[in-house]
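First the proteins, then the strands, lettered A, B, ... as listed; each starts at 1.
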Amino acid sequence: MSTNVRVRFAPSPTGMLHIGGLRTALYNYLFAHHNKGKFILRIEDTDQNRYVEGAEEDIITSLKWAGMMYDEGPDAGGGAGPYRQSERSTLYKQYAEQLLKEGRAYYAFDTPEEIEAMRERLKTSENTNPKYDAVSRQHMTNSLTLSQDETTSRLDSGAPYVIRLKIEPGETVQFNDLIREAVSFRTDDLDDQVLMKSDGLPTYHLANVVDDHLMDISHVIRGEEWLSSAPKHILLYRYLGWEAPVMAHLPLIMSPAGGKLSKRNAEALGIPVNVRDYISGGYEPDALINFLAFLGWSPGDDRELFRMQELIEAFTLEDVSKSGAVFNIDKLTWYNEQYMRSRTNDTLVEALKAELLRSGITGYNDAYLDSVVELMKERVSKTSDMVTQGMFFFAPPTDYDEKATAKAWKTQTPLLLEEFLAEVEQLPAYTAVALKETLSQVVERNGVGFGKLMLPARIAITGTGGGPDLFETMELLGKDEVMNRVKTALKKV
RNA sequence: GCCGCGUUCGUCUAGGGGCCUAGGACGCCGCCCUUUCACGGCGGUAGCACGGGUUCGAAUCCCGUACGCGGUACCA
């Protein structure tokens with residue numbers, strides 16, 4: 001397991017890359033690198049109806065943003081391509097025919113309506129969802145019930161058909177999942193899965209098996225939602241005469257509201273489901289990766305902070321847990337803070353510039369932005385917060401925090417502020433130290449507490465009751481700006 | 001309904017028969033630092049789903065129950 005590891009991340013371009021998909025990709029990536037193997041990206045676009053424009057690009061950009069470059073893929077080349085299933089159609093047909101020839105599959109001509117009618121007919125309280133299987137297939141229109149001539153003539157006439165896997169009842173399919181150990185299913189519970197759809201394209205089940213074999217995939221690492229169909233895949237490998245890759249079914253990522261994380265039950269709770277939302281939300285890739293890695297995996301000791309390379313070294317599938325993990329956005333926030341604070345001011349300035357640009361704010365030099373970063377980095381969670389919470393560095397406050405104002409703005413406040421203003425006006429050197437000294441003097445002279453003046457000044461200048469050191473902020477903003485803001489506040493509050 | 005998988009603090013988890021009066025992290029609470037917000041430091045809160053076994057001994061092994069989740073498509 002140390003030289004020939006080849007794993008793949010095989011998303012289907014039916015939407016923007018899901019955060020759960022990113023974790024699946026991550027585990028594949030970590031496993032591949034830990035074992036000095038290859039990580040492959042394969043696009044599973046066999047469902048024409050669900051294809052979403054731009055989805056493939058989104059998957060690729062997201063993966064690259066997260067620092068997970070693949071060794072082979074649609075835009076990366078590789079010896080086992082093409083890496084888009086829509087470009088491999090003839091391959092699947094060929095293997096479906098092999099299965100047909102060997103009696104492992106058969107043609108079926110039933111319309112969706114006829115299948116639906118069959119289900120209605122067979123439905124009981126004991127069996128609410130009848131299958132197309134060894135029993136029901138005998139009453140349907142397929143090459144098993146039709147004469148050879150009839151089948152041939154239907155095929156020749158161009159009648160629509162699908163190819164279904166012929167499941168033999170009475171068997172048990174067992175396999176050893178790397179995460180769940182022995183898993184077994186009875187074939188009686190499996191249905192005659194459609195392998196080739198009437199549009200001539202394969203279903204996931206066939207395509208995935210054919211491609212994994214042809215691409216020499218050693219380990220299939222995917223979400224638990226595939227566990228139920230794994231026995232069909234095992235059977236397919238067996239019927240095709242191939243050795244099945246090792247399976248590892250990952251626990252699902254759950255919503256705090258219950259159920260698997262989906263747009264519906266997550267975004268209302270402030271949890272974005274698309275990776276692109278984390279990118280645009282100002283999250284650090286390292287933080288997201290670290291957080292995601294720990295959602296279902298643990299190194300077995302008390303360490304919490306792992307960068308990609310450290311994850312690669314520590315990661316094993318044996319340490320992946322079996323049960324679903326609830327997505328805890330507070331913990332992601334904590335990780336993000338850790339990584340953000342570990343960055344140099346220079347890179348943070350770049351991030352801040354990008355954020356400002358998105359808000360249409362320009363015209364600040366690097367020295368100014370560096371000071372903003374210095375003042376803000378310890379008290380925000382994401383780079384984007386430096387703009388949202390530090391807007392007062394770029395524009396005067398438009399309104400004043402009600403709670404803080406109610407608490408701090410008293411009748412004597414305007415008098416104190418005016419006195420402070422007058423002193424500041426006279427200041428020979430406008431610096432944070434001098435400003436603090438001045439404020440102290442005013443406060444002392446009036447026999448009131450420090451906060452009696454400091455807080456109102458803060459509200460007047462920044463609009464809020466909290467934030468970075470007020471005097472540093474005042475120095476950065478400049479004398480004129482500060483004077484104007486206080487005067488405005490005196491009128492407006 | 002049927003099939004499968006799972007179940008340790010609110011959440012992520014460590015734990016693989018005695019080291020566990022169950023450890024860490026997030027969150028929350030308190031204290032310290034700070035004449036402001038934070039950062040930081042220290043401390044606290046809280047958990048082995050339930051019932052039977054096996055064993056000298058069970059969070060750890062077995063069985064059952066409950067609950068949760070997934071699957072049950074010509075979607076992936």
Side-chain angles (χ1 to χ4, degrees), chain A residues 10-15 44-47 49-50 108 110-112 115-116 119 123-132 160-164 177 179-180 183-186 188-191 193-205 207-208 222-231 249 251-252 254 256 258-260 291 294-305 319 321-335 337 341 375-380 389 408 436 439-440 443-444 449-451 453-455 457-458 462 464-471 473:
Chain A
S12 85
T14 51
E44 310 232 325
D45 54 350
T46 52
D47 186 350
N49 303 320
R50 294 211 301 158
D110 318 275
T111 64
I115 295 170
E116 187 48 38
R119 292 213 168 96
K123 189 186 254 179
T124 63
S125 58
E126 296 286 271
N127 182 6
T128 60
N129 217 338
K131 301 181 294 294
Y132 199 115
Y161 67 89
V162 300
I163 297 174
R164 307 188 88 112
D177 187 284
I179 294 168
R180 284 149 218 292
V183 180
S184 67
F185 292 82
R186 269 173 291 124
D188 304 62
D189 297 318
L190 268 29
D191 63 350
Q193 189 58 242
V194 169
L195 264 21
M196 292 293 288
K197 298 179 281 186
S198 55
D199 63 3
L201 290 174
T203 57
Y204 169 84
H205 306 283
N208 137 272
R222 81 237 287 197
E224 193 187 353
E225 70 267 30
W226 294 108
L227 192 56
S228 304
S229 36
H249 289 90
L252 263 18
M254 318 289 286
K260 69 175 168 179
F291 169 72
F294 274 67
L295 226 43
W297 172 84
S298 141
D301 55 38
D302 289 344
R303 291 175 298 158
E304 299 279 341
L305 263 18
D319 289 327
S321 56
K322 298 172 169 65
S323 48
V326 175
F327 191 105
N328 181 190
I329 192 114
D330 286 338
K331 190 138 189 186
L332 170 60
T333 299
W334 177 77
Y335 273 115
E337 289 165 351
R341 284 166 200 153
L375 256 19
M376 294 300 283
K377 70 189 280 192
E378 294 295 310
R379 63 204 87 225
V380 294
Q389 289 176 36
K436 186 172 182 180
L439 190 136
S440 296
V443 154
E444 209 167 308
F450 192 77
L453 175 51
M454 202 287 301
L455 264 168
R458 182 186 281 288
T462 70
T464 70
D469 182 273
L470 180 61
F471 308 103
T473 303

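- The nucleotide C42(B) finds its pairing partner in G30(B), both defining distances of the Watson-Crick or G-U wobble pair being shorter than 3.5 Å.
- We find the OG-CG distance between Ser12(A) and Asp47(A) to be 7.5 Å, quoted to the nearest 0.5 Å.
- Within 4.0 Å of Arg119(A), counting heavy atoms only, lie sugar-phosphate atoms of the nucleic acid but no base atom.
- Nucleotides C63(B) and G68(B) place their P atoms 22 Å apart, quoted to the nearest Å.
- On the P atoms, A46(B) is 25 Å away from G40(B), given to the nearest whole Å.
- The shortest distance between side-chain heavy atoms of Glu225(A) and Lys260(A) falls below 4.5 Å.
- Pair assignment for C5(B) gives G68(B), based on Watson-Crick or G-U wobble hydrogen-bonding distances that are each under 3.5 Å.
- Nucleotides G30(B) and A38(B) are separated by 12 Å at their P atoms, to the nearest Å.
- Of the N and O atoms on the side chains of Asp110(A) and Tyr132(A), at least one donor lies less than 3.5 Å from an acceptor on the other residue.
- Residue contacts shown for Thr46(A) are limited to sugar-phosphate atoms, with no base heavy atom under 4.0 Å away.
- Rounded to the nearest Å, the gap between the C1' atom of C32(B) and that of G24(B) is 23 Å.
- Contacts of Gly449(A) with the nucleic acid, taken as non-hydrogen atoms under 4.0 Å apart, are absent.
- Residue contacts for Ser12(A): at a heavy-atom cut-off of 4.0 Å it reaches the sugar-phosphate backbone alone, with no base atom in range.
- Checking C5(B), A76(B), G24(B) against every side-chain atom of Glu44(A), the shortest atom distance belongs to A76(B).
- Contact of Arg50(A) with C75(B) (side chain to base): a donor-acceptor pair of N or O atoms is detected under 3.5 Å.
- Both Glu304(A) and Phe471(A) lie close to RNA chain B; mapped to their nearest nucleotides by heavy-atom distance, the more 5′-ward contact belongs to Glu304(A).
- Counting non-hydrogen atoms under 4.0 angstrom, Ser125(A) reaches the backbone sugars and phosphates but no base.
- Look at Lys123(A) and you won't find any side-chain N or O under 4.0 angstrom from OP1 or OP2 of G1(B).
- The CE atom of Met254(A) sits 17 Å away from the P atom of C5(B) (whole-angstrom rounding).
- In this structure, the nucleotide among U35(B), C3(B), A25(B) sitting nearest to the side chain of Asp189(A) is C3(B).
- Note on ring orientation: taking the six-membered ring where Trp is involved, the planes of Phe294(A) and Tyr335(A) are tilted (angle from 30° to 60°).
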Please list, for nucleotides 13-17 of chain B, all pairs of protein and nucleotide N/O atoms separated by less than 3.5 Å.
unit_1: U13(B); atom_1: OP1; unit_2: Gly296(A); atom_2: N; d: 2.7
unit_1: U13(B); atom_1: OP1; unit_2: Ser321(A); atom_2: OG; d: 3.4
unit_1: U13(B); atom_1: O2'; unit_2: Ser298(A); atom_2: OG; d: 3.4

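- Arg303(A) comes within contact range of no nucleotide atom at all, as no heavy-atom separation falls under 4.0 Å.
- Side-chain N/O atoms of Lys322(A) include none lying less than 4.0 angstrom from OP1 or OP2 on G4(B).
- Base orientation of C5(B): anti, the glycosidic angle falling outside 90° of 0.
- Per the geometry, CG belonging to Leu305(A) stands 20 Å off P belonging to C12(B), to the nearest Å.
- The shortest distance between the side-chain N/O atoms of Asn127(A) and the OP1/OP2 oxygens of U72(B) is not below 4.0 Å.
- Of the candidates G1(B), C74(B), C69(B), the closest approach to any side-chain atom of Leu252(A) belongs to C69(B).
- Closest to the side chain of Glu126(A), out of G70(B), G1(B), C74(B), is G1(B).
- Defined by atom type and a distance below 3.5 Å, a donor-acceptor pair is present between the side-chain atoms of His249(A) and Arg222(A).
- Spacing between atom CZ of Arg458(A) and atom C1' of U35(B) amounts to 12 Å, rounded to whole angstrom units.
- If you take atom C1' in C28(B) and the same atom in U45(B), they sit 8 Å apart, rounded to whole Å.
- Checked against G6(B), C26(B), C39(B), the side chain of Glu378(A) finds its nearest nucleotide in C39(B).
- Between the P atoms of C48(B) and C56(B), the separation comes to 27 Å (whole Å).
- Base pairing analysis places U55(B) opposite nothing; no Watson-Crick or G-U wobble pair with both distances below 3.5 Å involves it.
- Remark: U60(B) base-pairs with no nucleotide in the shown strands. Criterion, Watson-Crick or G-U wobble with two distances under 3.5 Å.
- Shown here, U11(B) forms a base pair with A25(B); the pair counts as Watson-Crick or G-U wobble because both key distances fall under 3.5 Å.
- Rounded to whole Å, the distance from CD on Glu224(A) to C1' on G68(B) is 11 Å.
- Contact between the side-chain N/O atoms of Lys260(A) and the OP1/OP2 oxygens of G71(B) is found at a separation under 4.0 Å.
- In this structure, Asp191(A) places its CG atom 15 Å from P of C3(B), rounding to the nearest Å.
- Put simply, CG on Leu455(A) is 15 Å from P on U35(B), counting in whole angstrom units.
- With sequence neighbours left out, the side chain to side chain donor-acceptor pair (under 3.5 Å) criterion links Asp191(A) to Lys232(A).
- Looking at Asp301(A) and Arg303(A), a side-chain N of the basic residue comes within less than 4.0 Å of a carboxylate O on the acidic one, giving a salt bridge.
- The distance from the CD atom of Glu304(A) to the NZ atom of Lys331(A) is 4.5 Å, given to the nearest 0.5 Å.
- The nearest whole Å value for the distance from the NZ atom in Lys131(A) to the C1' atom in C74(B) is 18 Å.
- Looking at which nucleotide of RNA chain B each of Asp199(A) and Arg341(A) is closest to, the 5′-most match is held by Arg341(A).
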From CA spacing to verdict: side-chain contact (heavy atoms from CB on, under 4.5 Å), Leu332(A), Trp334(A): CA-CA 5 Å; Leu332(A) 170 60; Trp334(A) 177 77; over 6 Å; no

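- Within 4.0 Å of Asp45(A), counting heavy atoms only, lies no atom of the nucleic acid at all.
- The side chain of Val183(A) has G4(B) as its nearest neighbour among G4(B), C26(B), G1(B).
- The side chain to side chain donor-acceptor pair (under 3.5 Å) check on Glu337(A) picks up Ser381(A), with sequence neighbours excluded.
- Among all heavy-atom pairs drawn from Pro251(A) and Ser321(A), the shortest one is CG-O, 3.1 Å.
- Spacing between atom NZ of Lys331(A) and atom C1' of C26(B) amounts to 5 Å, rounded to whole angstrom units.
- One C1' atom belongs to A59(B), the other to C9(B), and the distance between them is 13 Å to the nearest Å.
- No engagement by Thr124(A) is indicated, since no non-hydrogen atom pair under 4.0 Å with the nucleic acid exists.
- Between G23(B) and U8(B), the distance separating the two C1' atoms is 11 Å to the nearest Å.
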